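What follows is a set of notes on a single structure, which appears directly below.
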Amino acid sequence: MLEDLREAVLEANQELVRQGLVLYTWGNVSGIDREKGLVVIKPSGVRYEDLTADSLVVVDLDGRTVEGHLRPSSDTSTHIELYKAFPLIGGVVHTHSTQAVAWAQAGRDIPALGTTHADYFHGAIPCTDNLAPEEIAGDYEAATGRLIARTFRHLDPMETPAVLVKSHGPFCWGRDAAEAVYYARILEEVALMARLTLDLNPDAVFQKELEDKHFSRKHGPGAYYGQGKGD
(Lines give C-alpha, C1' and ligand atoms only; values in the text may rest on other atoms or scores of the structure.)
Protein backbone atom coordinates (compact mmCIF):
# COMPACT_ATOMS: atom_id res chain seq x y z
CA MET A 1 0.00 0.00 0.00
CA LEU A 2 1.24 3.51 -0.92
CA GLU A 3 4.61 2.20 -2.07
CA ASP A 4 5.73 5.47 -3.70
CA LEU A 5 4.75 7.51 -0.65
CA ARG A 6 6.51 5.02 1.62
CA GLU A 7 9.73 5.39 -0.34
CA ALA A 8 9.46 9.18 -0.30
CA VAL A 9 8.88 9.26 3.47
CA LEU A 10 11.72 6.80 4.07
CA GLU A 11 14.08 8.98 2.03
CA ALA A 12 12.94 12.10 3.90
CA ASN A 13 13.57 10.47 7.28
CA GLN A 14 17.04 9.42 6.17
CA GLU A 15 17.72 12.95 4.96
CA LEU A 16 17.20 14.18 8.53
CA VAL A 17 20.24 12.12 9.52
CA ARG A 18 22.33 13.26 6.56
CA GLN A 19 21.56 16.89 7.40
CA GLY A 20 22.48 16.47 11.06
CA LEU A 21 19.01 17.38 12.29
CA VAL A 22 18.44 14.35 14.53
CA LEU A 23 20.24 12.15 17.05
CA TYR A 24 19.38 8.54 17.91
CA THR A 25 15.60 8.15 17.42
CA TRP A 26 14.71 11.83 17.76
CA GLY A 27 12.36 13.32 15.21
CA ASN A 28 10.03 12.02 12.53
CA VAL A 29 8.74 12.72 9.04
CA SER A 30 5.36 11.91 7.54
CA GLY A 31 3.66 12.29 4.18
CA ILE A 32 0.00 12.23 3.21
CA ASP A 33 -1.99 10.82 0.32
CA ARG A 34 -4.80 13.37 0.18
CA GLU A 35 -7.01 11.33 -2.14
CA LYS A 36 -6.96 8.30 0.15
CA GLY A 37 -6.83 10.27 3.39
CA LEU A 38 -3.88 8.20 4.61
CA VAL A 39 -0.62 9.23 6.27
CA VAL A 40 2.71 7.37 6.18
CA ILE A 41 4.88 8.07 9.21
CA LYS A 42 7.99 6.87 10.99
CA PRO A 43 7.39 4.22 13.69
CA SER A 44 8.00 5.22 17.30
CA GLY A 45 11.47 4.75 18.78
CA VAL A 46 13.01 2.98 15.77
CA ARG A 47 16.58 3.93 14.87
CA TYR A 48 16.99 5.58 11.50
CA GLU A 49 19.54 3.01 10.38
CA ASP A 50 16.92 0.31 10.95
CA LEU A 51 14.15 2.01 8.97
CA THR A 52 12.79 0.37 5.84
CA ALA A 53 9.84 1.28 3.66
CA ASP A 54 7.97 -1.70 5.08
CA SER A 55 8.59 -0.61 8.67
CA LEU A 56 6.80 2.71 8.14
CA VAL A 57 3.24 2.88 9.45
CA VAL A 58 0.12 3.89 7.53
CA VAL A 59 -2.60 5.61 9.56
CA ASP A 60 -5.90 7.25 8.70
CA LEU A 61 -6.89 10.77 9.70
CA ASP A 62 -8.42 9.42 12.91
CA GLY A 63 -5.03 8.02 13.89
CA ARG A 64 -6.01 4.38 13.38
CA THR A 65 -3.31 2.09 11.99
CA VAL A 66 -4.29 0.86 8.53
CA GLU A 67 -1.07 -0.97 7.73
CA GLY A 68 2.10 -1.72 9.64
CA HIS A 69 3.22 -3.96 12.50
CA LEU A 70 4.89 -1.23 14.61
CA ARG A 71 3.42 1.60 16.66
CA PRO A 72 3.43 4.91 14.75
CA SER A 73 5.37 7.91 16.04
CA SER A 74 4.16 9.33 19.33
CA ASP A 75 3.76 12.63 17.43
CA THR A 76 1.31 11.13 14.93
CA SER A 77 -1.67 13.06 16.29
CA THR A 78 0.23 16.34 15.91
CA HIS A 79 0.97 15.54 12.28
CA ILE A 80 -2.69 14.65 11.66
CA GLU A 81 -3.91 17.91 13.18
CA LEU A 82 -1.57 19.83 10.88
CA TYR A 83 -2.82 17.97 7.82
CA LYS A 84 -6.38 18.82 8.83
CA ALA A 85 -5.60 22.48 9.52
CA PHE A 86 -3.35 23.13 6.50
CA PRO A 87 -4.95 21.51 3.44
CA LEU A 88 -2.16 22.43 1.00
CA ILE A 89 0.65 20.64 2.81
CA GLY A 90 1.83 17.16 1.87
CA GLY A 91 4.57 16.47 4.41
CA VAL A 92 5.41 17.25 8.04
CA VAL A 93 8.68 16.98 9.95
CA HIS A 94 9.49 17.32 13.64
CA THR A 95 13.03 17.51 14.99
CA HIS A 96 14.87 18.52 18.13
CA SER A 97 17.58 20.36 16.20
CA THR A 98 19.79 22.40 18.52
CA GLN A 99 19.41 25.97 17.28
CA ALA A 100 15.65 25.83 16.72
CA VAL A 101 15.08 24.14 20.07
CA ALA A 102 17.07 26.88 21.81
CA TRP A 103 14.64 29.49 20.47
CA ALA A 104 11.67 27.30 21.43
CA GLN A 105 13.00 26.85 24.95
CA ALA A 106 13.51 30.60 25.21
CA GLY A 107 9.91 31.08 24.07
CA ARG A 108 10.96 33.46 21.32
CA ASP A 109 9.96 33.94 17.72
CA ILE A 110 12.86 33.85 15.28
CA PRO A 111 12.81 37.34 13.77
CA ALA A 112 13.49 38.03 10.11
CA LEU A 113 16.83 39.87 10.21
CA GLY A 114 18.19 39.40 6.71
CA THR A 115 17.65 38.21 3.17
CA THR A 116 18.56 34.56 3.84
CA HIS A 117 15.60 34.29 6.19
CA ALA A 118 13.32 36.20 3.81
CA ASP A 119 14.17 33.92 0.90
CA TYR A 120 12.30 31.09 2.66
CA PHE A 121 10.09 32.48 5.44
CA HIS A 122 7.84 35.53 5.17
CA GLY A 123 8.16 37.25 8.52
CA ALA A 124 9.16 35.88 11.88
CA ILE A 125 8.98 32.16 12.56
CA PRO A 126 6.47 32.10 15.42
CA CYS A 127 6.81 30.42 18.77
CA THR A 128 3.57 29.15 20.25
CA ASP A 129 2.09 29.99 23.61
CA ASN A 130 2.10 27.41 26.40
CA LEU A 131 -0.36 24.57 26.32
CA ALA A 132 -2.98 24.75 29.05
CA PRO A 133 -2.50 22.25 31.90
CA GLU A 134 -5.63 20.37 30.84
CA GLU A 135 -4.29 20.09 27.29
CA ILE A 136 -1.06 18.57 28.59
CA ALA A 137 -3.00 16.16 30.79
CA GLY A 138 -5.34 15.17 27.97
CA ASP A 139 -4.57 14.27 24.35
CA TYR A 140 -1.26 16.10 24.48
CA GLU A 141 -0.04 15.40 20.94
CA ALA A 142 -3.34 16.38 19.29
CA ALA A 143 -3.46 19.48 21.48
CA THR A 144 0.00 20.40 20.24
CA GLY A 145 -1.23 20.27 16.66
CA ARG A 146 -4.25 22.39 17.49
CA LEU A 147 -1.98 24.89 19.30
CA ILE A 148 0.11 25.22 16.13
CA ALA A 149 -3.05 25.76 14.07
CA ARG A 150 -4.18 28.50 16.49
CA THR A 151 -0.77 30.15 16.20
CA PHE A 152 -1.31 30.36 12.42
CA ARG A 153 -4.87 31.68 12.54
CA HIS A 154 -3.62 35.01 11.12
CA LEU A 155 -0.64 33.61 9.18
CA ASP A 156 -0.25 31.78 5.88
CA PRO A 157 1.33 28.37 6.60
CA MET A 158 2.62 28.17 3.04
CA GLU A 159 4.53 31.45 3.43
CA THR A 160 5.96 30.55 6.82
CA PRO A 161 6.29 26.74 6.75
CA ALA A 162 7.70 26.37 10.26
CA VAL A 163 6.80 26.87 13.89
CA LEU A 164 8.47 26.55 17.27
CA VAL A 165 6.40 24.79 19.91
CA LYS A 166 7.29 26.52 23.17
CA SER A 167 9.64 24.51 25.40
CA HIS A 168 9.55 21.68 22.86
CA GLY A 169 10.92 22.25 19.38
CA PRO A 170 10.26 22.86 15.68
CA PHE A 171 7.70 21.48 13.28
CA CYS A 172 8.04 22.21 9.56
CA TRP A 173 5.93 21.29 6.56
CA GLY A 174 5.92 21.49 2.79
CA ARG A 175 4.23 20.31 -0.37
CA ASP A 176 5.72 16.88 0.28
CA ALA A 177 7.95 15.15 2.81
CA ALA A 178 11.16 16.16 1.05
CA GLU A 179 10.23 19.84 1.08
CA ALA A 180 9.33 19.65 4.77
CA VAL A 181 12.86 18.39 5.54
CA TYR A 182 14.32 21.08 3.29
CA TYR A 183 12.61 23.76 5.37
CA ALA A 184 13.70 22.07 8.60
CA ARG A 185 17.34 22.35 7.52
CA ILE A 186 16.96 25.97 6.49
CA LEU A 187 15.18 26.74 9.76
CA GLU A 188 18.16 25.42 11.71
CA GLU A 189 20.53 27.66 9.77
CA VAL A 190 18.47 30.85 10.06
CA ALA A 191 17.97 30.14 13.79
CA LEU A 192 21.75 30.16 14.18
CA MET A 193 22.14 33.27 12.02
CA ALA A 194 19.53 35.15 14.07
CA ARG A 195 21.16 34.22 17.37
CA LEU A 196 24.59 35.31 16.17
CA THR A 197 23.16 38.54 14.76
CA LEU A 198 21.48 39.45 18.04
CA ASP A 199 24.66 38.58 19.95
CA LEU A 200 26.50 41.14 17.81
CA ASN A 201 23.71 43.71 17.73
CA PRO A 202 20.68 43.23 20.01
CA ASP A 203 18.97 46.12 18.22
CA ALA A 204 19.32 44.71 14.70
CA VAL A 205 16.34 45.32 12.41
CA PHE A 206 15.54 44.32 8.84
CA GLN A 207 14.24 46.75 6.27
CA LYS A 208 10.65 45.72 5.49
CA GLU A 209 10.88 46.59 1.80
CA LEU A 210 13.94 44.39 1.37
CA GLU A 211 12.32 41.55 3.31
CA ASP A 212 9.22 41.60 1.09
CA LYS A 213 11.33 41.87 -2.07
CA HIS A 214 13.39 38.80 -1.28
CA PHE A 215 10.36 36.70 -0.41
CA SER A 216 8.34 37.78 -3.44
CA ARG A 217 11.13 37.26 -5.96
CA LYS A 218 11.16 33.54 -5.03
CA HIS A 219 7.55 32.93 -4.01
CA GLY A 220 5.29 35.72 -5.24
CA PRO A 221 3.08 35.74 -8.36
CA GLY A 222 5.87 37.47 -10.27
CA ALA A 223 8.68 35.28 -8.92
CA TYR A 224 11.77 35.34 -11.10
CA TYR A 225 14.44 33.54 -9.05
CA GLY A 226 15.84 30.29 -10.51
CA GLN A 227 14.98 28.38 -13.66
CA GLY A 228 11.45 27.24 -12.95
CA LYS A 229 9.31 25.39 -10.45
CA GLY A 230 11.33 23.93 -7.61
CA ASP A 231 14.39 26.19 -8.06
Side-chain angles (χ1 to χ4, degrees), residues 12 15-23 27 29 82 86 88-89 91-129 147-231:
E15 183 68 3
L16 287 182
V17 179
R18 290 192 290 266
Q19 292 298 331
L21 294 171
V22 294
L23 296 174
V29 184
L82 294 180
F86 304 152
L88 296 181
I89 69 174
V92 174
V93 57
H94 172 52
T95 76
H96 290 261
S97 59
T98 304
Q99 301 295 330
V101 166
W103 286 86
Q105 291 180 167
R108 293 190 58 182
D109 299 351
I110 301 175
L113 294 173
T115 61
T116 307
H117 181 122
D119 280 340
Y120 300 97
F121 304 104
H122 199 190
I125 297 161
C127 184
T128 70
D129 294 329
L147 173 65
I148 295 170
R150 291 198 301 273
T151 302
F152 274 77
R153 61 189 177 276
H154 300 305
L155 298 172
D156 184 341
M158 303 311 290
E159 291 193 353
T160 308
V163 70
L164 306 175
V165 177
K166 190 175 180 183
S167 305
H168 186 171
F171 283 82
C172 298
W173 48 83
R175 291 168 293 185
D176 54 27
E179 187 174 78
V181 173
Y182 176 74
Y183 282 122
R185 181 64 187 90
I186 294 167
L187 170 64
E188 184 69 356
E189 199 67 17
V190 299
L192 174 59
M193 290 177 178
R195 181 174 66 80
L196 293 174
T197 299
L198 295 176
D199 283 347
L200 291 166
N201 179 7
D203 299 319
V205 294
F206 186 23
Q207 184 181 2
K208 180 62 175 171
E209 295 85 355
L210 185 57
E211 176 186 350
D212 291 343
K213 178 67 174 182
H214 265 259
F215 184 83
S216 65
R217 74 176 191 159
K218 289 190 76 169
H219 305 283
Y224 60 87
Y225 176 88
Q227 302 303 316
K229 185 176 179 181
D231 295 315

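These numbers come from a predicted model, not from an experiment.
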His94 and His168 aromatic ring geometry - parallel, tilted or perpendicular at 30°/60° bounds | perpendicular
Taking it one step at a time, do Thr151 and Val165 satisfy side-chain contact (heavy atoms from CB on, under 4.5 Å)?
-> CA-CA 10 Å; Thr151 302; Val165 177; over 6 Å; no
Give the intermediate values and the outcome of side-chain contact (heavy atoms from CB on, under 4.5 Å) for residues Phe86 and Met158.
-> CA-CA 9 Å; Phe86 304 152; Met158 303 311 290; 5.8 Å; no
Do any N or O atoms from the side chain of Thr128 and from the backbone of Lys166 form a donor-acceptor pair under 3.5 angstrom?
-> yes
What distance separates Ile110 CD1 from Trp103 CH2, expressed to the nearest 0.5 Å?
-> 6.0 Å
Where at least one partner belongs to residues 106-119, residue pairs that pass side-chain hydrogen bond (donor to acceptor under 3.5 Å, both in side chains), sequence neighbours excluded | Asp119-His214
Can you name the nearest heavy-atom pair linking Val93 to Ala180, along with the distance?
-> CG1-O, 3.2 Å
Distance in Å, His96 NE2 paired with Gln105 CD, rounded so as to fall on 0.5 Å steps = 10.0 Å
Using modelled atom types only, decide if a donor and an acceptor are shared between the side chain of Thr160 and the backbone of Ile125 within a distance under 3.5 Å.
-> no
Give the ring-plane orientation class for Phe152 versus Trp173, where under 30° counts as parallel, over 60° as perpendicular and anything between as tilted.
-> perpendicular
Working for side-chain contact (heavy atoms from CB on, under 4.5 Å), residues Leu21 and Glu188 | CA-CA 8 Å; Leu21 294 171; Glu188 184 69 356; 3.9 Å; yes
Do Tyr182 and Glu15 come close enough that some side-chain heavy atom pair is under 4.5 Å?
-> no
Between Phe206 and Ala112 the two heavy atoms that sit nearest each other are CB-O, 3.3 Å
With a cut-off of 3.5 Å and sequence neighbours excluded, list every side-chain donor-acceptor pair involving residues 189-199.
{"residue": "Glu189", "atom": "OE1", "partner": "Arg185", "partner atom": "NH1", "Å": "3.3"}
{"residue": "Glu189", "atom": "OE1", "partner": "Arg185", "partner atom": "NH2", "Å": "3.4"}
{"residue": "Arg195", "atom": "NE", "partner": "Gln99", "partner atom": "OE1", "Å": "3.2"}
{"residue": "Thr197", "atom": "OG1", "partner": "Met193", "partner atom": "O", "Å": "2.7"}

State, to 0.1 Å, how close Ala178 and Ala12 come at their nearest heavy-atom pair, and which atoms those are.
-> N-CB, 4.3 Å
Assess whether atom NZ of Lys213 is packed by more than 12 heavy atoms of other residues, nucleotides or ligands within 6.0 Å.
-> no
